[in-house]
Amino acid sequence: MPEKGPAPAGLDGLIACPTCDALHNIAPVPPGSKARCHRCHTVLMTPRQGAMTRIVMLAATAAVLMIAAIFFPFLELQVGGLSRKSSVFDAITAFSASGMLPLSIAVAALIVVLPFARLVAIAYALGPMALGWHPAPQAARAFRWAEATRPWAMAEIFIVGVAVALVKITGLAKVTPGPAFWAFAALVLVTVLKDSFMCRLTVWKTLEERSRS
Amino acid sequence: MENARRTQSVLTARRAGLVGCTTCGRVHARQAVVCHRCGSRLASRDTGSLQRVWAWLFAGMIAYIPANLYPMLVTSTFGKTQQNTIVGGVIELFEHGSWGVALIVFVASVLIPIGKFIAIAYLAVSARSAVVIRGHGRQHLYEVVEFIGRWSMIDVFVVAILAALVQLDFVATVHPGIAAASFALSVAFTMISAQNFDPRLLWDAYEADDT
């Protein structure tokens, strides 16, 4: 990757819409309101009061829930006298038992590894700034990676998948959700809440300003 | 549309001789290569964008064919083995009376993937022309495609959960079929295809008079 050049002078007050390339002058955006691109109406900035701290807190909460969700029993299946408990971990290894190891790895990456790594990256990039310190080294790289992998973190889709699977086997057996199921559901809510506080352009701007001084 | 006329006179970063970062919005001089703020690669327009979009889109379409022909789920109950394709699974759910779930699976595994193929192809074909749908319509279409694509993974997760849960020896066992793998690939390829699309191309069509 080529080295960064010196800071471009005189362009600090400008912003180009990432979607349509229209140029805007940056004006102060009051917390709680939205700044939209005047051409394509993409939301450019939605700063919120204390957003950094809340995002870091919610990311930490989500990480703890994630650990609980993976290893506690997720669902329990009962047919007659037989019963079987399975965790998210079992769901991941299900494909490898049938000789589809790559798919097993992919599922693990999509529902566990990526979401968890993203939480760590976000906490690492924003944590020091939430406390008012300078950003950690490589904070920009961590945050860029977290933004690029966002579509691939599919925990919330997994929850809907669980709901569909439950309906599919209700005729066959009795299924009870375990503690991990509720941890996972809470995880999805916390993630949605975290994303609602996230304003990436503000984060990038703050990252740059803090690391310069 | 009221905006149609206004877009003609919008000052874009390219027209101003600058280049904007698509990750963080930072504006740079034209010759800059890497964004000073976030470290992303800069390009005034992603010239290879459409080629990559088409390549991944075709890969996604090809992977979708075996996903429909081969079984998604192999269920054995009391020694009887039953194989279900995607559409077969939807029909079975429908006959059981679980209309809501049948609808979710049908939308996620049939409507969304096919709709996405058509939508991405349309956007890629029309990217350089200012026709039929105005900028805002195409912009919305692009946003919907980007947002909704990942939800097709539902069926793959359903198969993973069923295969993990239903392992009751003779009474009932469920195994994933080969279609689960090719369907997952198809969804992943179309997601990559949509991500490679540079939405700025859609808006450039309205200022084709200058380059």
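Protein chains get the first letters and strands the later ones, always in sequence-line order, with residue 1 at the start of each.
Contact count versus chain B (heavy atoms, under 4.5 Å) is highest, among Val203(A), Val175(A), Val160(A), for Val160(A). Counting heavy-atom pairs under 4.5 Å between each of Ala139(A), Gly161(A), Ala106(A) and chain B puts Gly161(A) at the top. Note on Leu110(A), Thr19(A), Val164(A), Leu201(A): by heavy-atom pairs under 4.5 Å with chain B, the leading option is Thr19(A).
Identified by a heavy-atom distance below 4.5 Å to chain B, the contributing residues of residues 147-156 of chain A are Arg150(A), Pro151(A), Trp152(A), Ala153(A), Met154(A), Glu156(A), in residue-number order.
For Ile111(A), the part lying under 4.5 angstrom from a heavy atom of chain B is the side chain only.
Applying the salt bridge (Lys or Arg N to Asp or Glu O under 4.0 Å) criterion to Arg52(B), with sequence neighbours excluded, gives Asp46(B). By the side chain to side chain contact (heavy atoms under 4.5 Å, CB included) test, Tyr124(A) pairs with Ala136(A), Pro137(A), Ala142(A), sequence neighbours left out.
Taking all atoms of both residues into account, the shortest heavy-atom contact from Arg200(B) to Asp21(A) is CD-CB, 3.7 Å. Closest heavy-atom contact between Gly20(B) and Ala16(A): CA-CB, 3.7 Å.
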Name every donor-acceptor pair, under 3.5 Å, that has one atom in a side chain of residues 178-193 of chain A and the other anywhere in the protein, sequence neighbours excluded.
{"from": "Thr191(A)", "atom 1": "OG1", "to": "Leu187(A)", "atom 2": "O", "distance (Å)": "2.6"}

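Residues Ile161(B) and Leu166(A) have side chains not in contact (no heavy-atom distance under 4.5 Å, counting atoms from C-beta outward). For the pair Arg26(B)/Ile15(A), no side-chain contact is recorded, criterion being any heavy-atom separation below 4.5 Å from C-beta on. Counting only heavy atoms from C-beta outward, the side chains of Val107(A) and Phe157(B) approach each other to under 4.5 Å.
At most 12 non-hydrogen atoms from other residues, nucleotides or ligands lie less than 6.0 angstrom from CZ of Phe72(A).
In terms of modelled atom types and a separation under 3.5 Å, the side chain of Arg144(A) and the main chain of Cys38(B) share a donor-acceptor contact.
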